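Data first, discussion second: the structure below is written as structure tokens.
Keep in mind that this is a model prediction, so the values were computed, not measured. A, B, ... follow the sequence lines: proteins, then strands. Residue 1 opens every chain.
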2 protein chains.
Amino acid sequence: MEYSDAMPDSPTVGRRERKKAATRQAIADAALDLFLEHGFEQASVRDIAERADVSTTTLFAHFPSKEALVFDREEEVDAELTAAVRERPENQSVVEALRAHALKSWVPIASDPRLHQLTALVDQTPALREYAERMWMRHAGTLSAVIAEELGREADDLACSALARFVLEIPTLTKGRHDPRATVETVFDLLIHGWQSQHDSGDAITGSCKG
Amino acid sequence: MEYSDAMPDSPTVGRRERKKAATRQAIADAALDLFLEHGFEQASVRDIAERADVSTTTLFAHFPSKEALVFDREEEVDAELTAAVRERPENQSVVEALRAHALKSWVPIASDPRLHQLTALVDQTPALREYAERMWMRHAGTLSAVIAEELGREADDLACSALARFVLEIPTLTKGRHDPRATVETVFDLLIHGWQSQHDSGDAITGSCKG
DNA sequence: TCCATAAGTGCAACCGTTTCAGTTTCTGCT
DNA sequence: AGCAGAAACTGAAACGGTTGCACTTATGGA
């Protein structure tokens with residue numbers, strides 16, 4: 001692998017950290033190449049390590065699992081969620097802040113063609129779909145706590161936990177629908193107003209008559 | 001393993017099926033024993049197959065994965081959910097039917113001490129907790145379709161999909177809380193009426209003032 | 001300059017899971 | 001009753017993700 005000779009991003013970041021980052025990037029790149037070329041299951045971690053010119057031991061020192069090679073952004077997502085709630089404008093509710101965040105950050109998956117290929121890969125690969133779903137749910141604890149704190153409630157307040165989990169279901173719920181934006185809007189309307197207001201097909205979900 | 005010589009449960013069920021069921025049961029029993037004795041990760045499938053006196057090949061012919069050894073009831077859950085919605089009394093809404101089902105079938109986990117041990121095991125084992133969560137979500141497709149059909153909506157109606165997924169989050173949400181019954185009730189109230197009605201700590205979740 | 005330590009190596013092992021080429025056991029049919 | 005064929009089961013071997021271990025190398029701070 002090659003180390004760029006551009007000037008260091010900042011004086012405090014030494015050669016060591018740069019090399020480490022480069023190694024990590026080399027592994028991620030090799031993985032993406034092989035995944036897109038042969039599919040997720042077809043590419044073995046030994047192959048990936050080989051192409052990145054590292055040992056498999058090193059590979060697993062940087063990524064906790066094969067699936068994790070695809071998703072580099074776990075921590076950032078957590079941070080963004082927290083920020084979206086904490087730093088929302090005055091006079092904006094928590095739910096509104098989450099809706100805004102969902103619309104701004106989750107809806108535009110596309111544009112970059114390479115990234116588009118990747119989402120296609122994830123959709124086609126059950127192991128990756130599952131991993132992605134779990135990935136979202138892993139943030140439920142953090143988000144729930146932030147919401148509770150922001151509203152001055154008990155850390156394990158049920159309404160907050162439930163809200164967090166339900167909001168984090170949205171990416172999954174959105175997947176495969178033609179109009180993600182409308183989907184997000186609809187789900188938030190449901191969350192805010194509840195299922196009692198469903199009257200559109202002549203029979204309310206919460207009404208009494210059988211279909 | 002030994003085959004009971006009691007009279008066949010019904011004339012149509014042959015020796016073959018009985019033996020198959022017996023084998024399956026022997027495997028499940030061996031697994032439960034070893035899991036409770038040594039923990040989930042400590043018991044290898046080879047050990048389990050050994051104790052059940054079958055080959056590992058046979059073990060995997062009966063169970064699709066090691067985790068599945070713990071959960072025998074996948075299909076029944078699906079059937080019960082469907083029945084709960086389809087065969088609800090007249091003048092009961094879908095959401096009410098689901099609430100009733102949750103209260104009747106999901107809340108009483110305990111009583112049997114062996115079963116209690118098992119839930120403890122699941123709680124302690126991340127792999128099993130994750131598997132259990134996914135197990136619930138696997139029913140989302142079925143439930144969603146049943147709800148939609150029952151209400152005469154499109155099969156992929158968003159409100160139905162969302163309702164299904166949110167309801168199936170409830171077992172996870174309930175876990176580890178002192179009063180499961182109250183938890184279920186609260187979550188259903190939130191689902192029915194939405195988060196707009198949250199005014200209890202001086203600040204509505206959907207209100208405007210920051211914490 | 002020297003040393004503690006982080007990063008990386010290579011190999012062997014473990015474990016879940018699958019494949020394969022059989023053998024045994026049952027069932028339905030004649 | 002007798003047979004063909006399917007289904008259950010076997011044993012061993014392999015594969016692929018993951019980890020442990022003993023070791024070398026590179027780096028940064030004292």
Take the protein atom CZ of A:Phe35 and the nucleotide atom P of D:dG16, then report the distance between them rounded to whole Å. 13 Å
Residue closer to the 5' end of DNA chain C, A:Thr56 versus A:Ala61 (nearest nucleotide): A:Ala61
Nearest-nucleotide check on DNA chain C, B:Arg16 vs B:Lys66; residue mapping nearer the 5' end is B:Lys66
Between the base of [N] and the side chain of [X], is there a donor-acceptor distance below 3.5 Å?
X	N	result
A:Arg15	D:dG28	no
A:Arg18	D:dT27	no
B:Ser44	C:dG16	no
B:Arg24	D:dA8	no

Once side chain to side chain contact (heavy atoms under 4.5 Å, CB included) is applied, do any residues pair with A:Arg24, and if so which ones, sequence neighbours excluded? A:His62, A:Phe63, A:Asp72
So, are A:Lys20 and A:Glu17 salt-bridged, with charged N and O less than 4.0 Å apart? no
Salt bridge B:Glu133-A:Arg165, side-chain N to carboxylate O under 4.0 Å: yes
If you only use heavy atoms from C-beta on, which nucleotide in [options] is closest to the side chain of [X]?
X	options	answer
B:Arg46	C:dA7, D:dA14, C:dT9	D:dA14
B:Thr57	D:dG11, C:dT17, D:dT19	D:dG11
A:Ser65	D:dA6, D:dT18, C:dT17	D:dT18
A:Thr23	C:dC15, C:dG8, D:dT18	C:dG8

OP1 or OP2 of [N] sitting under 4.0 Å from any side-chain N/O of [X]?
X	N	value
B:Lys19	D:dA8	no
B:His62	D:dC9	yes
A:Ser55	C:dT9	yes

CZ (A:Arg99) and CH2 (A:Trp106) are apart, to the nearest 0.5 Å, by 13.5 Å
From B:Glu150 CD over to B:Thr82 OG1, what is the distance, rounded to the nearest 0.5 angstrom? 10.5 Å
Looking only at side chains, do B:Thr186 and B:Thr183 share a donor and an acceptor under 3.5 Å apart? no
For the helix from C:dT1-D:dA30 to C:dT30-D:dA1, how many degrees between its two end axes (five pairs per end), to the nearest 10°? 20°
Review item, side-chain donor-acceptor pairs of residues 138-145 of chain A, under 3.5 Å, at least two apart:
| residue | atom | partner | partner atom | Å |
| --- | --- | --- | --- | --- |
| A:Arg138 | NH1 | A:Glu74 | OE2 | 2.5 |
| A:His139 | ND1 | A:Asp78 | OD2 | 2.3 |
| A:His139 | NE2 | A:Met135 | O | 3.3 |
| A:Thr142 | OG1 | A:Asp78 | OD1 | 3.0 |
| A:Ser144 | OG | A:Ser161 | OG | 3.3 |

Looking for any heavy atom pair under 4.0 Å, which part of the strands does A:Ala43 touch: base, sugar-phosphate only, or nothing? sugar-phosphate
